[in-house]
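Right, one structure below, let's go through it.
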There are 4 protein chains.
Amino acid sequence: MLTSTPAVAPPAEPARKRRKEARPQELLDAALEVFVERGFAASKMEDVASRAGVSKGTVYLYFPSKEELLKAVIRHNLSLTIAQGGDLAAQFPGPTDELLRVLAMSWWERVGETQASGIFKLIITEVRNFPEFAQFYAAEVIEPGRQLLKALLQRGIDRGEFRPVPLEDTAYALIFPMLMLCLHKHSVGACSGDIATQDPRAFILNHIDLMLHGLCRTGTSP
Amino acid sequence: MLTSTPAVAPPAEPARKRRKEARPQELLDAALEVFVERGFAASKMEDVASRAGVSKGTVYLYFPSKEELLKAVIRHNLSLTIAQGGDLAAQFPGPTDELLRVLAMSWWERVGETQASGIFKLIITEVRNFPEFAQFYAAEVIEPGRQLLKALLQRGIDRGEFRPVPLEDTAYALIFPMLMLCLHKHSVGACSGDIATQDPRAFILNHIDLMLHGLCRTGTSP
Amino acid sequence: MLTSTPAVAPPAEPARKRRKEARPQELLDAALEVFVERGFAASKMEDVASRAGVSKGTVYLYFPSKEELLKAVIRHNLSLTIAQGGDLAAQFPGPTDELLRVLAMSWWERVGETQASGIFKLIITEVRNFPEFAQFYAAEVIEPGRQLLKALLQRGIDRGEFRPVPLEDTAYALIFPMLMLCLHKHSVGACSGDIATQDPRAFILNHIDLMLHGLCRTGTSP
Amino acid sequence: MLTSTPAVAPPAEPARKRRKEARPQELLDAALEVFVERGFAASKMEDVASRAGVSKGTVYLYFPSKEELLKAVIRHNLSLTIAQGGDLAAQFPGPTDELLRVLAMSWWERVGETQASGIFKLIITEVRNFPEFAQFYAAEVIEPGRQLLKALLQRGIDRGEFRPVPLEDTAYALIFPMLMLCLHKHSVGACSGDIATQDPRAFILNHIDLMLHGLCRTGTSP
DNA sequence: AATGAATGAGTCTTCATTCAT
DNA sequence: GATGAATGAAGACTCATTCAT
């Protein structure tokens, strides 16, 4: 309602304008939250709208339908994930186990601890209803992620740090617990806080330690 | 259809009767399938009905509402999981790493490879809309499962087979990849078959091998 | 279930047979009760059935549809009313005011105090949905009743007992409070017993006294 | 439709606004009509909607359920009845018989001849399904009405105009025929117009005359 | 004759979407 | 651009009715 501010106002653009430009982002964030909380089908456009602080009709000024809003949410958050994943690309000089820890913590900071962590739940849930995403997701997230991890493993093997393990399966074994942490956070974890890991970072470091050194006593392994 | 059986047939109850007794099970199976495919909110009762080969109204003869049907589906499949988990309780004599492999493969056979694997997606998705499940699930599945795994790890440590690792986090690190496999199977995996593991059993065995011996070359670890 | 009783049974016909003959009556009674309680549309055939102590399907052995059941209920109870009204036809020798009291009390005994009193609520409620009943009811109940009352008033006037009043309106003024008593009994009266007349017979006698002698002091009237 | 009015027009709110404020009233009126015609259970929300000139969904913008709509209809029309009843409260100077006639005709004008007359049928029909109404109706309508009539009778008795009659029963005997007139109007009377009173006002005046002076010849009474 | 499992047309209710303001 | 009243297609649920037993 207060579209104009008196003379002395800061050089800031008119509030409405600023608003307008921020809207799509605000709506996507609101939508991700709502969709992750309730599930896509059970989410109401009005909930998304009111969480973004606008009225029902306004959402349609930016996204032509609920379905398109979902697609935009996924595309947007996938790009985010990927972009962030891209940063991880390493010219890391040190040992590979160190690199692994750095990458994992960085990923958790940028994804696991942000709203973006909800995207995985959304994908798990909705990919069957929107099969176009499967391909999209495979190409944009799974594949780059897999390449990154396989390269990392290969680096370790090549440098004589790692045993020669099956790259593919090991890559998944590395990333799956971290994805589960994201899923957990937005499902069981959102209900009864005490369940599962109290300290995700410690969990991740432990997971990596296990992946590196295994359960078995050193002398015990063949 | 088989209403008449030859003379020597067993006391053969009337077909209708047999039907009535089998219905709840048939409906629960159909419901699990449909709910896992489409998500709870997007599933139509009529779809459940027709997948079970009955009409809309019939479902309501056995379950008073869609919500109660979901609850029954979860309860039913959880009980199964739990019961099967109970069977796993081991008087296994051999080494703990062997036990770990046996348990994992058995779980995969009984859960991962059956329809019951869909229940995890359902829980991830719906637990926030039915918070009563969080408690239920925590008490009936998570807790027993956690105890089982912690006991197993403790066994390995006590016998000098395993390093002294954090029990809690390690238990989750053990099970999370296997849960992700279930989730994957009913999401991305259901769309583009080629993604992720072609051979889940191999994946599991590799995962366990990693958990046991780690990535690092034996001599390399500190 | 106990259809046959051992040898020494009384000469009574087989229970099933007796049952079968009584069924239509039992069903009509049950239906009247249920329809009056819940209203026709809100009444379930199953409620009627279970109140009559039979199963859903059995009702259809006697009445082809819910609508026909309603019609039968109304026809049956109307005939009853009329037949009983016919008995009232009087060769009463005494004064007309006496006759009026006798008729009213007799009607109340036979109708107001029995289940038949519910029929008026049913007619008030359903006549617009089944307009065929309007005619039926007018011809079978209203008209005979009106004739009876008009004749009674005429008798009083002819004998010099009554003032020459408008026959038609006066007839209605006589009967309306008694019908309201029936309606009340099955509506407000069924909820909070204390409302309205505790003693219907006293109410009726007072009503008739008023109709005969009026509120005004005798000397006061013109 | 009349969105623009000539220059001098009043501050004329936008049509949509005017509509929104009028809607609840329009819906309540439509609902009363439909419910009275068909009975509550047999009435479809869509019928109410279309009679009010809106679509199905619109009704739910104003009333959360069919049941709440019924409650609102009854509350609304009861308040009306009560308010109108309050107006009847009299500082009437003249004789009590005159007062009685004035009150009766006024009530008939304001209730009997308006849509409000339908409320009694609705109450008779639905009070057993919504027992909360019994109490409400007893407190808000029956009790005030009873007090009014008893006071009126007492006035007549105190002024030596009336015989000392039982107040309670006589009050009911006074009002019952007028209620029956309302019920009749929306039941049998709505089907075959010729049945019962052609001229309700004449009927009421005759009823009151009877209540005042009785049927009996003046000299005849004991 | 009686049962009660099964059916599916019919209603209530929700919510994505539109559009006059 | 923003709003929110209105719409109506879609889906949960009920219940009159059927029919195999």
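All chains are named by letter (A, B, ...) in the order of the sequence lines, taking the proteins before the strands, and each is independently numbered beginning at 1.
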Could you state the interatomic distance from CZ (F35(C)) to OG1 (T125(C)), rounded to the nearest 0.5 Å? 12.0 Å
Contacts of type ring-ring contact (aromatic ring centres under 6.0 Å, His included), residue F136(B), not counting sequence neighbours: none
On DNA chain F, more 5' by nearest nucleotide between Y60(B) and L61(A) is L61(A)
Residue whose closest nucleotide on DNA chain F lies nearer the 5' end, T58(A) versus S55(D): T58(A)
What is the distance, to the nearest angstrom, from the CG atom on L27(C) to the P atom on dT3(E)? 11 Å
Can you tell me how far P of dT18(E) sits from CZ of F63(A), to the nearest Å? 16 Å
Sequence neighbours left out, what passes side chain to side chain donor-acceptor pair (under 3.5 Å) with [X]? Give chain and number order.
X: T58(C); result: S55(C)
X: K71(C); result: E132(C)
X: E33(C); result: R51(C), Q115(C)

With a cut-off of less than 4.0 Å, is there a side-chain N or O of R23(A) near OP1 or OP2 of dG1(F)? no
Check this one for me: any side-chain N or O of Y62(A) less than 4.0 Å away from OP1 or OP2 of dA2(F)? yes
Of P64(D) and G57(C), the one whose closest DNA chain E nucleotide lies more 5': G57(C)
From dT3(E), dA6(E), dA1(E), nucleotide with atom closest to K56(C) side chain: dA6(E)
What residues 65-76 of chain D contributes to the DNA chain E interface at heavy-atom separation below 4.0 Å is S65(D), K66(D)
For the residue pair I119(B) and L78(B), what are the closest heavy atoms and their distance? CG1-CD1, 4.0 Å
What heavy-atom pair brings C191(A) and V127(B) nearest, and what distance separates the two atoms? SG-O, 3.7 Å
Could you give the side-chain donor-acceptor pairs of residues 39-47 of chain B under 3.5 Å, partners two or more places apart or in another chain?
{"unit_1": "S43(B)", "atom_1": "OG", "unit_2": "V34(B)", "atom_2": "O", "d": "3.3"}
{"unit_1": "S43(B)", "atom_1": "OG", "unit_2": "G39(B)", "atom_2": "O", "d": "2.6"}

Under the salt bridge (Lys or Arg N to Asp or Glu O under 4.0 Å) definition, can you give me all pairs with a residue in residues 52-65 of chain B, not counting sequence neighbours? none
Tell me the stems DNA chain F sits in, counting at least three consecutive Watson-Crick or G-U wobble pairs, each under 3.5 Å on both distances. E:2-21 with F:2-21
Partners passing side-chain contact (heavy atoms from CB on, under 4.5 Å) against H186(D) (at least two apart in sequence or in another chain): R128(C), V36(D), S117(D), K121(D)
Tell me, please, which residues at least two apart from S65(D) pass side-chain contact (heavy atoms from CB on, under 4.5 Å). E67(D), E68(D)
Which of residues 29-46 of chain C sit near DNA chain F, with a heavy atom under 4.0 Å from it? S43(C), K44(C), M45(C)
